[in-house]
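To keep things clear, I will list the structure first and then write my remarks on it.
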Amino acid sequence: MGKVTLPLLKAAKGKEKISMVTCYDFTFAKLVEKAGIETILVGDSLGNVIKGQPTTIGVENWEVAYHVKAVRKGAPTPFLVADMPFGSYQTSIEKGMENAIELMKAGAEAVKVEGGEEVAQLISKLVSFGIPVVAHVGLTPQYINKFGSFSKRGKTKEEREFIKRSAKIVEEAGADMIVLESVPDKLAAEITEELEIPTIGIGAGNRTDGQVLVIYDLLGMDRDFNPSFLKKYCDLDNMISKALKEYLKDVKDAKK
Ligand code: KIV
């Protein structure tokens, strides 16, 4: 696979599905590269899976940049998107620009921001300076304190209209791709049809232009995490636990 670029991804809409996984370190990045996955997201989900926090709110921009550098080393080929964490773009356009630039200098090729109308101006500014933007609507984890849970969005007509309008606004502002998280399949399909930019779904059915999953989730690293949309492609929780127990036994059983 040759270097994956934004124009290639945008041209794939309607022709070929786009694969995306999250990734946070060099070792996993090498495996993602070898597998031929086209897009990597260094997600602020690192707050959950790396830092062990209940939400993504505590993630800092420098932490995302740190992980971007490691992932970039292991995976030069995929298009690399860096999440802008909570607090890195909410206070001013200038602060958003500065933090996005830090992530681009670390090796990202695009940044991702959550929201609709409230991020439209920032998106326009970023893209005007050559920083591609992936938008993110539906379940937006940085809004956890407003919604109180990570449950599915778009349950009411009003909410569905809001999500659709937000998707349209961020496209008009210049977003290059958009993540649709935990929204009804039908709504995701409609947005995919109406937008010109590729849609990447998670918990949004299979009628989006691509799919994203948190890498540890798809590898089955946590037997206790089982959202209905998640297909586990292996059972690393069991495999790793077994391997560690065997190692423990070997160490204990070794003769002096
Ligand atoms: O941070 C993240 O991993 C994400 C994906 C779940 C889309 O935003």
Side-chain angles (χ1 to χ4, degrees), residues 9 17-25 28-29 32 37-61 63-68 70-71 75 78-90 99-100 103 108 110-116 119 132-144 147 149-154 163 166-167 170 175-183 188 191-192 197-206 208-219 221-222 225-232:
L9 293 170
K17 295 272 186 175
I18 297 168
S19 58
M20 180 187 276
V21 291
T22 70
C23 194
Y24 317 96
D25 72 2
F28 271 102
V32 174
I37 306 272
E38 293 124 352
T39 324
I40 289 178
L41 169 66
V42 178
D44 62 354
S45 49
L46 73 86
N48 309 103
V49 298
I50 302 288
K51 295 177 69 182
Q53 294 175 340
T55 74
T56 58
I57 298 297
V59 177
E60 303 293 343
N61 205 66
E63 292 175 315
V64 180
Y66 169 91
H67 287 279
V68 165
V71 168
F79 187 73
L80 199 163
V81 181
D83 237 341
M84 296 200 69
F86 184 72
S88 70
Y89 60 96
Q90 282 83 354
N99 284 319
L103 299 178
V111 296
K112 179 165 81 58
V113 292
E114 295 182 8
V119 287
V133 175
V134 178
H136 183 159
V137 300
L139 170 57
T140 44
Q142 291 176 16
Y143 291 71
I144 178 64
F147 290 103
S149 82
F150 294 107
S151 64
K152 203 148 184 127
R153 301 288 185 263
I163 294 166
S166 299
V170 293
D176 295 284
M177 295 199 281
I178 182 167
V179 168
L180 307 176
E181 180 166 358
S182 290
V183 298
I191 294 174
T192 300
I197 57 174
T199 60
I200 309 292
I202 173 165
N206 57 14
T208 50
D209 297 309
Q211 294 289 333
V212 58
L213 280 177
V214 170
I215 194 161
Y216 297 162
D217 296 347
L218 80 88
L219 294 175
M221 295 271 272
D222 182 355
F225 187 66
N226 298 296
S228 59
F229 66 83
L230 178 63
K231 176 172 171 186
K232 293 186 177 178

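For the numbers below, each heavy atom of this structure counts, side chains included, while hydrogens, waters and symmetry mates do not. We count ligands from 1, going down the list as the structure has it; atoms in each ligand are counted the same way.
Using a 4.0 Å cut-off between heavy atoms, Thr22 contacts ligand 1 through its side chain alone, with no backbone atom that close. Contacts between Ile202 and ligand 1, counted as non-hydrogen atom pairs separated by less than 4.0 Å, involve the side chain only.
Listed by number with element, the atoms of ligand 1 under 4.0 angstrom from any heavy atom of Asp83 are 1 (O), 2 (C), 8 (O). Near His136, the atoms of ligand 1 lying under 4.0 angstrom from a non-hydrogen atom of the residue are 8 (O). Residue-ligand proximity, Gly43 to ligand 1, at heavy-atom distances under 4.0 Å covers atoms 1 (O), 2 (C), 3 (O).
Atom CG of Asp25 sits about 9.5 Å away from atom OH of Tyr66, to the nearest 0.5 Å. Atom CG of Asp83 and atom NE2 of His67 lie 12.5 Å apart (nearest 0.5 Å). Interatomic distance, CD1 of Ile18 versus CG of Leu9, reported as 5.0 Å (0.5 Å rounding). Taking CG of Asp209 as the reference point, atom NZ of Lys17 lies at 6.5 Å (rounded to 0.5 Å).
Of the N or O atoms in Glu181, none lie within a sub-3.5 Å distance of an N or O in ligand 1.
Heavy atoms of Glu114 come nearer than 4.0 angstrom to ligand 1 in no pair at all. Residue contacts with ligand 1: Met20 is excluded, as none of its non-hydrogen atoms falls under 4.0 Å.
Atom 8 (O) of ligand 1 has as its closest protein heavy atom Lys112 NZ, 3.0 Å. The nearest protein atom to atom 2 (C) of ligand 1, hydrogens excluded, is given as Ser45 OG, 3.3 Å; this is a heavy-atom distance. In terms of protein heavy-atom proximity, atom 7 (C) of ligand 1 is closest to Leu41 CD2, 3.8 Å.
When every heavy atom of Ala175 is checked against every heavy atom of Ile197, the shortest pair comes out as O-CG2, 3.3 Å. Nearest heavy atom pair, residue Asp176 against residue Pro198, reads O-CD, 3.4 Å.
Of the residues listed (Leu213, Asp222, Asn226), the one engaging Lys232 in a side chain to side chain contact (heavy atoms under 4.5 Å, CB included) is Asn226, and it is the only one.
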Taking it one step at a time, do Tyr216 and Thr22 satisfy side-chain hydrogen bond (donor to acceptor under 3.5 Å, both in side chains)? CA-CA 8 Å; Tyr216 297 162; Thr22 70; over 6 Å; no
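Scanning Val214, Asp44, Val134 for the heavy atom closest to atom 1 (O) of ligand 1 points to Asp44.
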